[in-house]
Every structure is written in structure tokens, then in C-alpha cells.
Amino acid sequence: MEQIIRIAVQKSGRLSDDSLSLIKECGIKFYNGTGKLKSTSTNFPVEFLFLRDDDIPGYVADGVADLGIVGENELVEKDKEVLTLKKLGFSKCRLSLAIPKGQEYPGVHYFQGKSIATSYPKILGDFLQSKNIQAEIHEISGSVEIAPSIGLAEGIFDIVSSGSTLMMNGLKEVEEVFKSEAVLIGNKNLADWKKVILDKLLFRINAVQTGKSNKYVLMNVPNTSIPRIIELIPGMRSPTILPLAQEGWSSVHSVLSEDQFWENIEELRAAGAEGILVVPIEKMVL
Ligand SMILES: Nc1ncnc2c1ncn2[C@@H]1O[C@H](COP(=O)(O)OP(=O)(O)OP(=O)(O)O)[C@@H](O)[C@H]1O
Ligand SMILES: O=P(O)(O)OC[C@H]1O[C@H](OP(=O)(O)OP(=O)(O)O)[C@H](O)[C@@H]1O
Ligand SMILES: [Mg+2]
């Protein structure tokens, strides 16, 4: 039998598009037709399981799936024994306490004796305990923001990203408790041959992530400025310098992180750089 590993990804929701894009950017091809809950890649030894995100930590802990992509919020809430292998940088959000907009908020003791609706009873319970607050946790599975307006609870504890769902429901965020993003998780007892496949996958993910956080930068520079420009943009090893057709000028190429580019842009121009182009990098292997 061919040796393949299983990766659990969310079937549809806030994680699924970015999870599938990352897999595709890693050059892994698979068929993803609607309704198909299992798919084997045609060019990488992996099978995908498309699941509810709630089930992913448990499936990975039990070894039904070897790897999974899930939000840290769900991972910590489910409290399963798995390895966190890599932060993936998407589906960033936070878990926060919120109360009706018109209420005054004197501090976290506001919640003493109150009722709070949430889909994250464990994370909320741990937070309240750490603050020595007794509150009634009312677990509901979705549409948590509706709870105060229908008299179900006095406050809520739920996912916030832009804050627009809170605003639309007359609520305000008062305590940020937990920051989350998507992570790649793995079973704790992967066989050695599975670890070999995992290493290949991590290598590809790293190349995609490093590419995304860097830019290829090209600029025209008078030759007299080249030493100063090299100081400003050292590049991976050192910049490439090619002569322009016009005497006394060169084209300087380098790889920079986006932040570094913006930090140095004024100095680059002051040093005489012009015609500066910034180009995205698809993959980068250091
Ligand atoms: N508004 C948001 N912005 C960014 N990330 C989010 C947002 N909402 C949720 N997430 C992240 O994406 C994960 C999945 O969110 P989603 O709303 O798709 O979950 P779900 O409704 O529980 O899906 P499922 O049907 O798979 O159980 C969350 O656990 C969280 O990590
Ligand atoms: O701060 P915001 O940008 O408004 O995002 C927060 C909302 O996003 C998620 O719900 P989603 O829209 O995914 O719907 P769901 O209830 O189906 O999970 C989450 O449950 C919040 O309700
Ligand atoms: Mg879910």
C-alpha cells in the first residue's frame, strides 16, 4: 500500500479558503469537488479529510488524522494532546468579553455574579478563575452576539476580528482574553516515515511563508552611490549589480522584507536610487 499521511482541514468556513490556498501554493494538487469529504493528492503523498473545525483537534489527537489545520482558539478549547507545528498567519482573531454598549465597565469585576454566553467555556472558565471571578457560563454553539439582546446572558465571550458583529448587535469589547491564528497541528506519535513526509510539507510551507514576507526590489542607481545603497539593502547574500546601457548607472536587485523596504525608502532615494520596483516573491528557500 502506498504510504500517505492524512491532513484534516475545515470543510467550509473561516479557515477553509486560506487552508486550501496554502496547500495549493505548496504545489500540492487534489480534487476538491463540492460534497467530497475525502480527497487524495495526485502529486504528494497526502489525503485530505474535510471536517468541521471542532472535530479536528480530536481527530489529530486520536491519530485518525496525522495533521490538521485549526484555529488556536479551537485547539486550546478542545484541550487535546497534539503538537503545534507551525503558525500559519491567517484566520487571525481574538476571543473577547463584550457587554451591551450602554453599560459602564469598571473592570473585570463587572462580571462577578453575571451570566456570560459563549462557545468557549473552557477558555472563559480558565480566564475567570485566574481573575477570581465567579460567573455563570452559558454555553451556546453559535450566534453568541444575540444573547444579551434576548435576555439569555448579560455579557458574551466570543470571536472578534473587525468588531463589526459586536457593533451591529449593540455590544462593546471590554476584555481581550486570547489571540488566535490558524496553526498546523500534528499527532504526537507520528511514525518515522510520516515525519519524513511532514518535513517535506514544512519545507514547502516555509518557502511559501518566507516568499510572502519578502519582496524582490530593483532600482536604478548612479554608480557613485552603490556602496551606500549596498549598506541600506544588503540582500540575501549581497545585491546583484548589473550595468545599465547608460554610462555611469547600474541596476541594483535585492531581496528585502517589506518593513525593511519602507524603513529605507527615503534613504534609498536620498542616495540617488530611482525607478524603484517592488515585485512579489512566490517562493523563497533560504
Ligand atoms: N471573523 C473572523 N476573522 C478571522 N478569523 C476568524 C473569524 N471568525 C472565526 N475565525 C477563525 O476561524 C475559525 C473557524 O471559524 P468558523 O466561523 O468557520 O467556524 P465554525 O462556524 O465553527 O465552522 P465549522 O462549521 O467548521 O464548525 C475560528 O475557530 C477562528 O479561529
Ligand atoms: O469582528 P467580526 O469581523 O465581525 O468577526 C466576528 C464574527 O465572525 C465569526 O462569525 P462568522 O461571520 O464566521 O459566522 P458564524 O457565526 O457562522 O461562525 C465569529 O463567530 C464572530 O461572530
Ligand atoms: Mg466549528
Side-chain angles (χ1 to χ4, degrees), residues 6-23 32 34-39 48-62 64-65 67-80 82-101 116-127 137-150 152-186 205 209 212:
R6 280 181 163 171
I7 306 186
V9 294
Q10 190 191 28
K11 180 171 162 291
S12 76
R14 296 275 192 168
L15 290 159
S16 44
D17 286 353
D18 286 333
S19 301
L20 297 186
S21 302
L22 174 66
I23 290 159
N32 177 32
T34 15
K36 196 159 161 48
L37 299 179
K38 228 166 63 147
S39 177
F48 296 98
L49 310 182
F50 300 102
L51 306 170
R52 290 278 312 268
D53 71 341
D54 314 50
D55 298 329
I56 292 176
Y59 277 27
V60 173
D62 296 347
V64 173
L67 307 176
I69 297 179
V70 72
E72 287 171 299
N73 54 323
E74 207 57 54
L75 180 61
V76 173
E77 180 63 30
K78 291 292 182 287
D79 199 18
K80 300 284 182 188
V82 296
L83 299 173
T84 298
L85 301 165
K86 184 114 199 107
K87 291 198 182 238
L88 298 175
F90 57 81
S91 300
K92 286 190 174 173
C93 57
R94 53 197 187 270
L95 286 176
S96 294
L97 280 158
I99 61 171
K101 211 169 41 206
I116 308 170
T118 189
S119 311
Y120 298 93
K122 181 194 161 359
I123 299 176
L124 176 59
D126 289 351
F127 173 75
I137 298 178
H138 198 100
E139 185 176 351
I140 52 176
S141 60
S143 300
V144 174
E145 292 89 347
I146 203 175
S149 69
I150 58 171
L152 193 69
E154 290 157 292
I156 67 146
F157 178 66
D158 197 24
I159 293 171
V160 183
S161 174
S162 65
S164 78
T165 309
L166 289 183
M167 204 176 72
M168 303 274 272
N169 289 284
L171 300 170
K172 65 177 177 185
E173 186 176 4
V174 291
E175 296 282 342
E176 178 184 309
V177 173
F178 186 88
K179 270 190 190 310
S180 177
E181 66 182 86
V183 285
L184 179 72
I185 57 171
I205 293 175
Q209 286 189 336
K212 277 196 180 138

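Being a predicted model, the structure only gives us computed values, none of them experimental. Ligands are counted one by one from 1 in listed order, and the atoms in each one are counted from 1 as well.
- The protein heavy-atom contact nearest to atom 21 (O) of ligand 1 is Gln10 NE2, 5.0 Å.
- Nearest protein neighbour of atom 31 (O) of ligand 1, counting heavy atoms only, is Asn73 OD1, 2.7 Å.
- Between Gly142 and ligand 2 there is no heavy-atom distance shorter than 4.0 Å.
- For atom 1 (N) of ligand 1, the candidate residues are Arg14, Arg52, Glu77; the nearest heavy-atom contact is made by Arg14.
- By the definition of a contact as any protein heavy atom under 4.0 Å away, atom 5 (O) of ligand 2 is in contact.
- Nearest-residue assignment for atom 12 (O) of ligand 2 (options Glu173, Met167, Arg14; heavy-atom criterion): Arg14.
- Considering backbone and side-chain N/O atoms, Ser143 never comes within less than 3.5 Å of an N/O atom of ligand 2.
- The nearest protein atom to atom 22 (O) of ligand 1, hydrogens excluded, is given as Asp53 OD1, 3.2 Å; this is a heavy-atom distance.
- In Asp158, the part holding a heavy atom less than 4.0 Å from any atom of ligand 2 is the side chain.
- Less than 4.0 angstrom separates atom 15 (P) of ligand 2 from none of the non-hydrogen atoms of the protein.
- If you look at Lys92 next to ligand 1, the close heavy atoms, those under 4.0 Å, all belong to the backbone.
- Looking at Ile159 next to ligand 2, no N or O pair under 3.5 Å apart turns up.
- With ligand atoms numbered from 1 in the order given, ligand 2 contributes 1 (O) to contacts under 4.0 Å with heavy atoms of Val160.
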